[in-house]
Amino acid sequence: MPLSRRSLLAGSLGGVTAAALTACGSEVTDPVAGQSAAVPTEPTTITWWCHRLTDRRNGELAPLLIAAFERRHPQIRVRLLKAPSDTDTNRATLTTQIASGSPSPDVFLGDVVWPGQFAYNSLALPLDPYVPQGHWKKYPKPLIDACSAEGGVYALPFFIDESFLYYRKDLLAKHGLRVPRSWEELAHTAAKVRRAGDVGHGFVWQGSVYEGMTVNFTEFLADAGGSVVGPDGSTVTVGGSAGTQALSFMRELVASKVSPSAVTTYIEQDTLDAFISGRSLFLRNWAYAWGASNAEGTKTAGRVGVVPRPGFEGREGSGRSGLGGWSVFVNPHTRELGGALAFARFLSEEGQQVLLRESSYIPALTSALNSRTARQLGSPVLDNARTLELVARPSGTQYYPKVSKALYTGANSAVGGSASVRESLSAMESEVRAALKGAVL
Ligand code: GLC
């Protein structure tokens, strides 16, 4: 039986602790490829697979990060490979490429829900041997948990995605309405402002057949007091009464026209476009939308308010957010290990200042999020980022893509009206159960 790179690594590192390896500092070598993990001193070029990241002006953030890195390490050039923005298409393209043994991209930005699948299939390098002891404590624990799989940590955190409710301050003021404190109030408020003809849509969110729908559904599910699986990670709980409340509410948003029926095709960019062009009163989106909706040239600049997501009336708590975010992975077939590691570490350490200065992404490095620079920015998303209750998706399993597919397909059918809430939930429940056992769906 051919040994996977993962088992080779696990074998050859057996008994050698990360501390022992990192104690050697620049002498650390990849035990499989025999490559040096030290920062290269000769001219080197690496490739970075990264989807479009926006800066505060709605421009491209990646070139700014690359420029900062190249100033720090002038001998290393980074070539940007543009990845698809939709996380599923991004992952599908990348997994095919890496599984075929391609050494490019050397470094890739990956979703927080990827490590289970990537670790199991040897599509990413375990990174513990290359960081100093105690390194992972510099990041929020839920993020490191999400980056961990198969007994190792497979990605260096880059930014956390937390979701918020964005609203048009000017329109609420015009109608003498307050910022809604519950989902039910949001539906009433949105209907009122829509009826007055001030906006075409009341509330836009991400309901297409893709990962983003899984996030939106799991957030509403948590608001209703439920979860996809129980604390043991294997008992499927999605079909309970919380599932019914969450999905019925989502369906009703469309049925009552508070949300356009097009939400069943919307991904993040569609909802942002609808909001910043003045077509919607409310928007559910990640932190970057704060910068994007206040950028010059948008209809919303200066007119946007943002608050943590509300909850359901009669249920405890509000301010829940899906735990999202993107981390830096290294291709296990890279031929530029030293350069790849230098860049990956830069993004998750020094590069965090560039994130803070140039974008609205929430830095993963706790000291950056708590820094004086962060506080001085006076950004409501950064200020609230420390307080939200994060809801993780059940992504620890290598079968997570199938689990998620069962969730987003079921939720999309119920919201679009092609299946009833009850039918969708029962399909989700049985498909998630089968997916967790590795069944082909
Ligand atoms: C954002 C989040 C990611 C999530 C995706 C869903 O990119 O960071 O975790 O899977 O949205 O669309």
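Order of appearance sets the numbers: ligands from 1, and atoms from 1 within every ligand.
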> Would you list the pairs meeting ring pair (Phe, Tyr, Trp, His ring centres under 6.0 Å) in which at least one residue belongs to residues 79-113, sequence neighbours left out?
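Non-adjacent pairs meeting ring pair (Phe, Tyr, Trp, His ring centres under 6.0 Å): Phe108-Phe118, Phe108-Phe329.
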> Checking side-chain polar atoms at under 3.5 Å, does Glu211 have a donor or acceptor matched by the opposite partner on Thr87?
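There is no such pair (donor and acceptor under 3.5 Å, judged by atom type) between the side chains of Glu211 and Thr87.
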> Decide whether an N or O pair under 3.5 Å exists between Glu268 and ligand 1.
yes
> So which protein heavy atom does atom 7 (O) of ligand 1 come closest to, and at what separation?
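For this ligand atom, the closest protein heavy atom is Trp326 NE1, 2.8 Å.
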> Distance to 0.1 Å, residue and atom name: give those for the protein heavy atom nearest to atom 10 (O) of ligand 1.
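Here the nearest protein heavy atom works out to Asp111 OD2, 2.6 Å.
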> Using the benzene-type ring in the case of Trp, are the ring centres of Trp326 and Trp286 under 6.0 Å apart?
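For Trp326 and Trp286, the ring centres are not under 6.0 Å apart.
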> Under 4.0 Å, counting heavy atoms only: does Arg393 come that close to any atom of ligand 1?
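It does, in that a heavy atom of Arg393 comes within the 4.0 Å cut-off of ligand 1.
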> Can you see whether Asn412 engages Thr264 through a side-chain donor-acceptor pair at a distance of less than 3.5 angstrom?
no
> For Val215, is at least one N or O under 3.5 Å away from an N or O on ligand 1?
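No, Val215 has no N/O under 3.5 Å of an N/O on ligand 1.
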> Considering only heavy atoms of Gly212, which atoms of ligand 1 have at least one such atom less than 4.0 Å away?
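Near Gly212, meaning under 4.0 Å from one of its heavy atoms, ligand 1 has 6 (C), 12 (O).
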> Scan side-chain atoms only and decide if Thr214 and Ser404 contain a donor-acceptor pair under the 3.5 Å cut-off.
yes
> Quick one, Leu281 with Leu172, criterion side chain to side chain contact (heavy atoms under 4.5 Å, CB included). Give me CA distance, side-chain angles, the key distance, then yes/no.
CA-CA 8 Å; Leu281 178 64; Leu172 289 187; 4.3 Å; yes
> Distance to 0.1 Å, residue and atom name: give those for the protein heavy atom nearest to atom 2 (C) of ligand 1.
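Looking at atom 2 (C) of ligand 1, the protein heavy atom closest to it is Asp161 OD2, 3.3 Å.
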> Tell me whether the rings of Trp183 and Phe249 are parallel (<30°), tilted (30 to 60°) or perpendicular (>60°).
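Trp183 and Phe249: tilted rings.
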> Number the atoms of ligand 1 from 1 as they appear, then name those within less than 4.0 Å of a heavy atom of Val112, with their elements.
9 (O)
> Check contact between Tyr210 and ligand 1, using heavy atoms of the residue and a distance below 4.0 angstrom.
yes
> Which atoms of ligand 1 are found less than 4.0 Å from any heavy atom of Glu211?
10 (O)
